[in-house]
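Each ligand, and each atom within it, is numbered from 1 in the order the structure gives. Any value given below was found using the heavy atoms of this structure, including those in side chains, with hydrogens, waters and symmetry copies removed.
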Amino acid sequence: MSASKTDKLKTQRLEELQAELKRHDELYYRLAQPGISDQLYDQKKRELEELEAEIDPLGLFSKSSEHSNNAQPPVVGDDRLESFSSHRHLKPMLSLDNTYDEEEFIEFDQRLRRIFETEKLSYVVEPKIDGVAISLTYKNGKLVTATTRGNGVEGDVVTQNLEHLEHLPHQLSGSSLPELIEIRGEIYMSHQEFERINSEREKNELSLYANPRNLAAGTIKLLDPKEARKRKLEIVLYGLGACTPENHFSNLSEFHQALSHWGVPAVEYFRQVDHADDAWKSIQELDQLRHSYGYPTDGAVIKLNSFALQAEAGHTSKSPRWAIAYKFETERQETILEAIHLQVGRTGAITPVAHLSPVQLAGTQVSRASLHNADEISRKDIRVGDHVIVEKAGEIIPQVVEVVLAKRPANSSPFTFPTICPVCKTKLERVDGEAAWKCPNPLCSEQVKGRVRYFASRGCMDIDHLGEAVVDQLVDRKMVRQTSDLFSLSKEQFLQLDGFAEKSAENLVQAIQKSKQQELWRLICALGIKHVGSAAAKDLARNFRSLPNLAKAELIDLVAIDGIGEIMAQSVVEFFKNSENQSMLEKFAQYGLSPELEIDESTGTPWTGKSFVLTGSLTSMTREEAGSRIESLGGKSTSSVSKRTSCLVAGPGAGSKLDKAKKLGVHVIDEPAFLALLESPKSL
Ligand code: IVH
């Protein structure tokens with residue numbers, strides 16, 4: 001191949017990887033729904049870095065060089081959402097470099113020893129908790145705000161969703177308190193709580209959460225703190241951000257002791273060692289101990305103990321040079337792949353599922369594993385009859401990670417991915433930019449069953465007695481072709497099904513009819529619009545107040561709503577454009593299923609239903625405090641200005657938000673006027 005052709009291919013691969021990682025960053029940080037395992041992500045990231053180094057050795061055009069200027073945000077993903085107000089970290093929140101073997105850990109120590117021209121360095125070793133990074137700001141010992149990492153420079157204020165945490169210290173007590181301190185740590189969910197929530201969902205036939213980390217991330221970003229309170233989150237703190245006075249602590253051991261002294265939950269494993277060899281021993285000890293911890297850990301973090309040396313070592317655009325994460329190997333087992341079955345989801349997405357010879361893995365018996373999609377099967381050349389390695393990387397669903405080629409049966413042949421739907425035999429299609437094949441037939445019985453089950457589930461219309469076996473019979477006997485058909489079913493029709501008697505048939509008819517009284521958001525959620533979960537459904541219900549209104553909404557109306565991004569808005573518009581869905585909505589109305597959201601203006605406070613945006617600096621309180629005051633009075637404090645904003649409170653330094661508010665004709669007030677409103681909201 002000519003050199004220019006090779007270069008072109010490399011550039012192509014580089015662009016492909018950049019786009020892929022960007023999509024995965026979005027899924028992981030913003031949607032808390034990772035598309036791939038951490039290990040695979042790291043593998044792709046390394047491939048990208050190697051390609052970048054090859055193509056652009058001086059880093060002149062690469063993304064990382066764009067960020068090498070300290071004024072730019074660090075390269076750490078971005079978890080910020082429109083619906084939260086933001087807070088600027090006094091010191092940036094970085095990420096960590098990962099290592100997977102001893103050699104890389106030794107290189108890390110050697111690099112540092114070269115910088116400091118010394119024989120040995122003092123490190124601390126701690127568990128790497130698999131949760132969500134958080135920064136707590138304390139002024140004179142009082143908690144001011146809890147902020148996510150965001151883009152590393154500025155994060156989302158999530159205090160309201162964490163206030164109830166049993167171990168979150170609202171007030172630090174004890175001696176030697178700094179005037180101002182940012183304490184960094186992790187919000188996580190215990191295995192026990194994760195299992196409690198998932199088993200409840202299983203009972204209600206809802207999809208299961210993938211792992212505790214994603215569930216913790218999703219909970220922190222719930223728009224309704226009351227919902228967040230229903231899931232038990234925990235907190236652990238281990239790091240120091242900004243501190244006044246600056247030299248309050250000289251090393252991490254001292255800081256760790258202070259945390260315990262102030263009543264702050266600190267990591268339960270903390271070792272100070274004076275040599276890299278001992279750090280390595282500690283890492284191995286931790287790998288044994290962590291199995292007894294009640295929360296997920298995915299590695300050890302090794303940090304220079306001295307803050308002075310940390311400052312001298314500095315950091316790259318992504319991570320400090322004074323710390324590294326050593327990722328533990330996830331448990332793996334070998335077994336035989338007996339068959340590959342295709343599963344059809346309610347959206348038509350086809351998921352290949354591996355059926356395995358049962359094997360014990362991380363405490364449970366595993367007989368099925370995810371194969372993700374067709375590309376994954378052909379990339380790894382996974383064949384029926386192969387010996388395969390399965391892994392459970394903190395995920396509920398095990399993954400097939402590789403094939404043991406040495407044990408491949410001589411007569412095996414590559415897996416040919418079916419071209420037709422295993423259920424309705426329609427030719428499968430592939431959506432541009434997506435890895436999954438789809439059954440394009442919305443009438444495919446498996447899709448209909450999935451949609452009906454979802455519609456009736458606890459989190460949606462909550463229809464009692466409409467279990468999986470009943471739905472299967474209704475769809476198989478063509479008594480239900482679309483969800484709206486449920487409302488036309490009579491007692492006599494249920495009596496034709498297996499397992500029904502007078503009373504049970506009557507109960508089910510009643511339960512279906514009763515669901516017509518459900519709130520509008522439940523119906524919106526039950527429609528199963530891609531990307532629209534219960535939180536978004538509540539936002540849509542609040543803003544449009546009836547299904548016909550929502551059906552008429554245009555993209556521009558939808559994106560103006562806090563919490564509704566472009567992808568979600570697009571999906572809503574497409575859903576209502578579909579003629580099959582339009583006919584279903586008509587039937588809903590005919591059967592008397594037409595909930596409306598009535599806002600009773602006579603109840604609540606003058607602040608109810610009003611949304612405020614705060615911008616610029618305030619002198620009498622912080623923006624977070626002002627936001628909390630508004631919310632405690634019944635109003636809403638959001639971060640972006642739209643035509644639905646009731647009022648913009650603009651302090652000195654207000655910029656683009658003020659311009660936008662003026663353009664949209666949003667009412668703008670200054671701080672004194674805002675204080676007057678707090679005193680007497682008559683003019684609201
Ligand atoms: S120290 C400058 N210590 O891992 C970053 N991080 O993958 C210093 N994490 O963003 C972080 N346990 O959210 C540190 N004991 C620990 C940790 C820990 C979990 C998280 C943290 C960080 C991420 C990097």
Item to check | Stepwise side-chain contact (heavy atoms from CB on, under 4.5 Å) test for Y295 and I129 | outcome: CA-CA 8 Å; Y295 47 84; I129 298 110; 4.1 Å; yes

Checklist entry - Which of these, D274, D109, V301, sits in a side chain to side chain contact (heavy atoms under 4.5 Å, CB included) with Y123? => result D109

I need the nearest protein heavy-atom contact for [atom]: residue, atom name and distance, please.
atom: atom 23 (C) of ligand 1; result: K128 NZ, 4.1 Å
atom: atom 19 (C) of ligand 1; result: I129 O, 3.2 Å
atom: atom 3 (N) of ligand 1; result: K303 NZ, 3.0 Å
atom: atom 21 (C) of ligand 1; result: Y238 OH, 3.1 Å
atom: atom 5 (C) of ligand 1; result: L94 O, 3.6 Å

Next on the checklist: Quick one, E234 with L165, criterion side-chain contact (heavy atoms from CB on, under 4.5 Å). Give me CA distance, side-chain angles, the key distance, then yes/no.
Outcome noted: CA-CA 7 Å; E234 313 268 352; L165 262 59; 5.9 Å; no

Checklist entry - Does NZ or CZ of R271 fall inside the cone over Y269's six-membered ring, less than 6.0 Å from its centre and within 45° of the axis? => result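 That pair qualifies as a cation-pi contact.
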
Next on the checklist: Hydrogens and angles aside, do R184 and S135 bring a side-chain donor and acceptor to less than 3.5 Å of each other?
Outcome noted: yes

Taking heavy atoms and a distance under 4.0 Å, where does [X] meet ligand 1: side chain, backbone, both or neither?
X: R149; value: side chain
X: M93; value: neither
X: A133; value: both
X: L96; value: both
X: E126; value: side chain

Checklist entry - With a 4.5 Å heavy-atom cut-off, do I197 and M189 have their side chains touching? => result yes

Checklist entry - Does V267 come within less than 4.0 angstrom of ligand 1, counting non-hydrogen atoms of the residue? => result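 It does not, in that no heavy atom of V267 comes within the 4.0 Å cut-off of ligand 1.
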
Checklist entry - Taking the non-hydrogen atoms of H315, is any one of them nearer than 4.0 angstrom to ligand 1? => result no

Next on the checklist: Taking distance alone, with N or O pairs closer than 3.5 Å, would you say P127 contacts ligand 1?
Outcome noted: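 So ligand 1 has an N or O lying under 3.5 Å from an N or O of P127.
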
Checklist entry - Quick check: does W322 get an N/O under 3.5 Å from an N/O on ligand 1? => result no

Next on the checklist: Can you classify the ring geometry of W280 versus Y326 as parallel (below 30°), tilted (30 to 60°) or perpendicular (above 60°)?
Outcome noted: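 Perpendicular, since the angle between the ring planes exceeds 60°.
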
Item to check | Step-by-step side chain to side chain donor-acceptor pair (under 3.5 Å) determination, S319 to D97 | outcome: CA-CA 6 Å; S319 41; D97 276 340; 3.1 Å; yes

Next on the checklist: Under a 4.0 angstrom heavy-atom cut-off, which atoms of ligand 1 come close to E186?
Outcome noted: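 Matching atoms, with element in brackets: 9 (N), 13 (O), 19 (C), 20 (C), 21 (C).
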
Next on the checklist: I need the atoms of ligand 1 closer than 4.0 Å to a non-hydrogen atom of P320, numbered in the order shown.
Outcome noted: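 Near P320, meaning under 4.0 Å from one of its heavy atoms, ligand 1 has 2 (C).
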
Item to check | Pair F255-I181, side-chain contact (heavy atoms from CB on, under 4.5 Å): steps then yes or no | outcome: CA-CA 12 Å; F255 175 64; I181 186 168; 4.2 Å; yes

Next on the checklist: A quick test of your reading: do over 12 heavy atoms of other residues, nucleotides or ligands sit less than 6.0 Å from CD of Q110?
Outcome noted: yes

